[in-house]
Protein chains: 2
Amino acid sequence: MFKRIIIAEDIDSENLGIVSSINVLTQTEAETNQSCDKTLSRIKEAIIKEKPYDLLISDLSFNLDTRISHNITTGKELIHQVKNVQPDIKVIVFSGEDKPAIIKSLFDNYNIDGYVCKGLYGLSELKKAISQVHFGNTYTCPVSKHALHQSNVTQLDSYEVQLLKLLANGYKQDEISLHFIEKGIEPNSKRSIEDKIRKLRQEFDAKTTIQLIHLVDGMGLIS
Amino acid sequence: MFKRIIIAEDIDSENLGIVSSINVLTQTEAETNQSCDKTLSRIKEAIIKEKPYDLLISDLSFNLDTRISHNITTGKELIHQVKNVQPDIKVIVFSGEDKPAIIKSLFDNYNIDGYVCKGLYGLSELKKAISQVHFGNTYTCPVSKHALHQSNVTQLDSYEVQLLKLLANGYKQDEISLHFIEKGIEPNSKRSIEDKIRKLRQEFDAKTTIQLIHLVDGMGLIS
DNA sequence: GAGTTCTTTGTGGAATTCCACAAGAGAAAG
DNA sequence: CTTTCTCTTGTGGAATTCCACAAAGAACTC
């Protein structure tokens, strides 16, 4: 079983429950940190001391202390940075987030080993996840498994995300065209931008472009 | 001090921390329920048995068991219903939500007594809130106090919310006009709808209506 | 390589939204 | 009662977006 576990979780009321639950399962003292920056530096220290952590359990969103400035502000960034300094560390995400697009993107782009949705049975699911990941498997809790397998999870490519973000931030179609030409992104003609937006409207079954942005916003596709 | 406390909180990993923390403060056993429906029925039972609860601590969002159908799905609804059956019960909201508009609306429209943002110091803030509310005061934790006092919290009236929701759901300006005429909502001419949208764009400093919807979406003003 | 399909871009026109000027209606102030 | 102000609605025209048809080019098949 894992011997050195580190947890990134800002909410103090959560920490208590998670730690005690893990201790029972693994018979080791898990360490929690309430900020991403602190977590990353602890992991770096551990590598130098040749006592690296073997499992990171991380939340996704953090209500950070506004009196201090922070480098890393989200779990996604934290995981990215951690994988850079220690590629072989196992990572389980433990978050309230249940949007399929976000869960899928974590497995696809961040190479995580497990995803557990906080909820009614979050803790027992987390224990299952830890066991499975220790055996070298990946694990998704039922809630997120359901989310992942539901009718074709829409994934947007980088071009589409950029386009939608520009729209959401008040760019007009010809401004987007100019912006893409500047950045050397193709296709970039006004006409192509227009067409791409039309196709996205179709794909999401949106009557107007306003509704399109509202929908992708709600699905967490452009955050 | 409060003698009968009931908690509505879906996340199991939270419950442990909250309950133990409250027990120390109040010297009573607080009861937790993981669903809104259950919480409401427990409160009703208690009234009938003439042992009513005197404090409700509620989360706002619930990841509910999808295998069961639920009447009440959000903390807001729960609070509304509870206040109907027992107007004098004290209510503290304990949630991760930090959007000013949402916090303000809870005090203004739902008549809550305290708001504590889950976070680094959530539990100690919750304890402060319980003490203050017991003295008959209201309490907002520093995080949400900061949110409330920041540059004029934008509040939208019901007309504006309806208008924005229709826009977000793919209605065109003249469809909105027709819809308002049907429902007897005024003003409802195409021209007035147009003007209202323009004013909202101005107010939110949005270059396009698409951006306007993106902004109010992000602030939780139309959810 | 010829044929087929898909993407990109163009053009013109329709639909929709945006904007400036203004008349009427109603509320508030003097 | 008159004046002033604000809100609603109207009109016309500009800007933007939407849509149908189509040509050029890239990619893929046989």
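Order of the sequence lines sets the chain letters (A, B, ...), proteins ahead of strands, with each chain counted from 1.
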Sugar-phosphate only, base, or nothing, as touched by Glu186(A) at under 4.0 Å among non-hydrogen atoms: nothing
In whole angstroms, the gap separating C1' of dA20(D) from CZ of Arg198(A) amounts to 10 Å
Here the distance between atom P of dC18(C) and atom CD of Gln202(B), to the nearest Å, is 13 Å
From CG of Leu200(B) across to P of dT17(C) the rounded distance in Å is 15 Å
Separation of dT8(D) atom C1' from Ile185(B) atom CD1, nearest Å, is 16 Å
In whole angstroms, the gap separating P of dT9(C) from NZ of Lys199(A) amounts to 11 Å
(message) Using the rule given for side chain to side chain contact (heavy atoms under 4.5 Å, CB included), can you reason through Tyr115(A) versus Lys145(A), listing the C-alpha separation, both sets of side-chain angles and the distance that settles it, and then say yes or no?
(response) CA-CA 9 Å; Tyr115(A) 193 100; Lys145(A) 186 167 281 175; over 6 Å; no
Closest heavy-atom pair, Leu55(B) versus Val91(B), reported as atoms and distance to 0.1 Å, is CD1-N, 4.3 Å
Assign each of Tyr171(A) and Arg191(A) the nucleotide of DNA chain D bearing its closest heavy atom; nearer the 5' end lies the nucleotide of Tyr171(A)
ask   = So, is the end of the Lys118(A) side chain (NZ or CZ) under 6.0 Å from the ring centre of Phe94(A) and within 45° of the ring's axis?
value = yes
Original post:
Within the side chain of Asp113(A), is there an N or O that forms a donor-acceptor pair under 3.5 Å with the backbone of Ile92(A)?
Top reply: no
* dT17(C) OP1/OP2 closer than 4.0 Å to side-chain N/O of Thr209(B) -> no
Rounded to whole Å, the CD-C1' distance (Glu160(B) to dC7(D)) equals 14 Å
Regarding the side chain of Asp195(B), the nearest nucleotide among dT17(D), dT9(D), dC19(D) is dT9(D)
With a cut-off of less than 4.0 Å, is there a side-chain N or O of Gln173(B) near OP1 or OP2 of dC18(C)? yes
Picking from dG10(D), dC18(D), dC19(C), the nucleotide nearest the side-chain atoms of Ser189(B) would be dG10(D)
Winner on side-chain proximity to Glu194(A), out of dC19(D), dT9(C), dC19(C), is dC19(D)
Rounded to whole Å, CD1 of Ile213(B) lies from C1' of dT17(C) at a distance of 14 Å
Partner of Leu221(B) under side-chain contact (heavy atoms from CB on, under 4.5 Å), picked from Val161(B), Leu156(B), Leu215(B), is Leu156(B)
note: Ile197(B), atom CD1; dC19(C), atom P; distance rounded to Å ~ 12 Å
Whichever of Leu167(B) and Asn188(A) has the more 5' nearest nucleotide on DNA chain C, that residue is Asn188(A)
Judged by nearest nucleotide, the residue sitting upstream toward the 5' end of DNA chain D, Thr208(B) or Lys190(B), is Lys190(B)
Looking only at dT16(C), dC18(D), dT9(C), the nucleotide nearest the Lys172(B) side chain is dT16(C)
